[in-house]
Amino acid sequence: MSSWIDLKQDPFKVFGQWFEAAIKETDFEPTKLTLATLGADGLPSARVVLLKAYDSEGFVFFTNFDSVKGEELKNNPKAAMVFHWQKPFHRQVRIRGLVEKLSFAESNAYFQTRERGSQIGAWASPQSHKISGRQELMERVQLFEDKFANQEIPCPENWGGYRVKPMSLEFWQSGEHRLHDRIRFIRKDLLSPWTAEYLAP
Ligand SMILES: Cc1cc2nc3c(=O)[nH]c(=O)nc-3n(C[C@H](O)[C@H](O)[C@H](O)COP(=O)(O)O)c2cc1C
């Protein structure tokens, strides 16, 4: 077993230590992660999103609920997340879990912290749907700028946060000669205790 992670530790705490270190030390958008969901046709989809919050419940990102990922999460509320932090850490964290939507109040609270331009963007972009081109997008931006001129912009009903509640978290630390360390925390369900196991690289 490895000495660099205490296997009895709460994996959320380990994540917190790694994440905060990445925020301090890495330049390349340390909050970005790859999010995978499953399509109704059985093909997985993956894309990059930003982690906006985490706590002992799970990992939160924000998006359009009518997007491809939103549709896929409606049909199958399960997801995988991968973080990769390069220099100086050379670390990867892999998460698999169950997904729930944040309440409208929670989503709106975050929405209100966004820049006005991003708020307009959330209204204007029918994310993942076909449009005729950039001109249509900019016309939609103008439409919502006019609609909300001189007033606070409410959170769209079809926009907000998802929380991924992990069933497993794997911490991967690069090692010399590709002899990496991998420690996986798993639990049978969200209320069960974690067990940790060491995996071959
Ligand atoms: C660095 C980076 C950060 C991104 N952050 C988000 C995000 O937080 N939320 C989001 O909906 N899309 C984000 N995107 C865009 C997504 O990768 C993707 O294009 C979009 O969500 C549509 O995905 P979908 O069609 O699979 O739903 C980001 C893209 C990049 C490259």
Side-chain angles (χ1 to χ4, degrees), residues 15-16 18-55 57-87 89-138 140-141 144 148 153-166 169:
F15 179 85
W18 281 28
F19 187 71
E20 296 310 323
I23 295 282
K24 253 198 198 153
E25 306 264 350
T26 55
D27 296 336
F28 295 106
E29 196 52 83
T31 67
K32 74 179 187 303
L33 64 111
T34 299
L35 173 85
T37 51
L38 194 66
D41 57 4
L43 288 179
S45 321
R47 78 291 284 160
V48 172
V49 295
L50 300 180
L51 185 76
K52 290 296 178 183
Y54 69 93
D55 59 21
E57 294 269 294
F59 303 89
V60 174
F61 66 93
F62 289 85
T63 193
N64 184 308
F65 296 141
D66 299 327
S67 64
V68 166
K69 74 184 91 45
E71 285 298 323
E72 293 186 349
L73 288 171
K74 200 186 298 167
N75 292 332
N76 182 47
K78 296 173 185 164
M81 292 177 144
V82 185
F83 292 86
H84 175 217
W85 299 299
Q86 289 178 295
K87 285 178 189 170
F89 298 111
H90 307 287
R91 287 172 170 170
Q92 172 178 228
V93 176
R94 300 170 61 182
I95 295 165
R96 300 176 74 223
L98 312 180
V99 181
E100 66 177 21
K101 256 190 202 177
L102 265 54
S103 67
F104 179 76
E106 285 175 294
S107 291
N108 187 45
Y110 169 69
F111 187 81
Q112 295 308 328
T113 69
R114 285 165 63 96
E115 284 176 14
R116 197 172 171 85
S118 304
Q119 293 178 335
I120 293 283
W123 279 95
S125 168
Q127 193 179 52
S128 313
H129 290 264
K130 246 197 245 175
I131 54 172
S132 57
R134 187 145 193 103
Q135 191 183 338
E136 182 181 340
L137 184 61
M138 297 322 287
R140 289 179 60 85
V141 166
F144 287 102
F148 294 121
I153 304 175
C155 181
E157 292 281 344
N158 68 343
W159 193 96
Y162 287 104
R163 177 179 289 111
V164 177
K165 303 174 101 167
L169 287 109

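Whatever order the structure lists ligands and atoms in, that order sets their numbers, starting from 1.
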**Q.** Shortest protein contact, atom 8 (O) of ligand 1 (heavy atom only)
**A.** Leu50 N, 3.1 Å
Q.
Run Glu71 and Lys74 through salt bridge (charged side-chain N to carboxylate O under 4.0 Å, His left out) and show every step you take.
A. CA-CA 5 Å; Glu71 285 298 323; Lys74 200 186 298 167; 3.4 Å; yes
(Q) Check for me whether Lys101 meets the cation-pi criterion with Phe65, that is, NZ or CZ under 6.0 Å from the six-membered ring centre and within 45 degrees of the ring axis. (A) yes
Q) For atom 5 (N) of ligand 1, which protein heavy atom lies nearest, and how many Å away is it? A) Val49 CA, 3.4 Å
Q. Can you find a pair of side-chain heavy atoms, one from Arg163 and one from Leu102, that are under 4.5 Å apart?
A. yes
Q | Val164 side chain near Ile95 side chain, heavy-atom distance below 4.5 Å | A | yes
Q) Do Thr37 and Asn76 come within less than 4.5 Å of each other through their side chains, counting heavy atoms only? A) no
Q: With heavy atoms under 4.0 Å as the rule, classify the contact between Lys52 and ligand 1 as side chain, backbone, both or neither.
A: neither
**Q.** Nearest non-hydrogen protein atom, atom 18 (C) of ligand 1
**A.** Arg47 CG, 3.9 Å
(Q) Among all the protein's non-hydrogen atoms, which is closest to atom 23 (O) of ligand 1, and how far away is it? (A) Lys69 NZ, 3.3 Å
Q. Can Glu106 and Ser103 be counted as having a side-chain donor-acceptor contact under 3.5 angstrom?
A. yes
Q) Near Phe62, which atoms of ligand 1 are under 4.0 Å from a heavy atom of that residue? A) 7 (C), 8 (O), 9 (N), 10 (C), 11 (O)
Q. What protein heavy atom sits nearest atom 20 (C) of ligand 1, and how far off is it?
A. Gln127 NE2, 3.3 Å
Q) Please state which protein non-hydrogen atom is closest to atom 29 (C) of ligand 1 and give its distance, to 0.1 Å? A) Val48 O, 3.5 Å
Q) Taking only heavy atoms of Ser128, which atoms of ligand 1 are found under 4.0 Å from at least one of them? A) 22 (C), 24 (P), 25 (O), 27 (O)
Q: For atom 11 (O) of ligand 1, find the nearest protein heavy atom and state the residue, atom name and distance (0.1 Å precision).
A: Thr63 OG1, 2.6 Å
Q: Report the relative orientation of the aromatic rings in Trp159 and Phe62; use parallel for angles under 30°, tilted for 30 to 60°, perpendicular for over 60°.
A: parallel
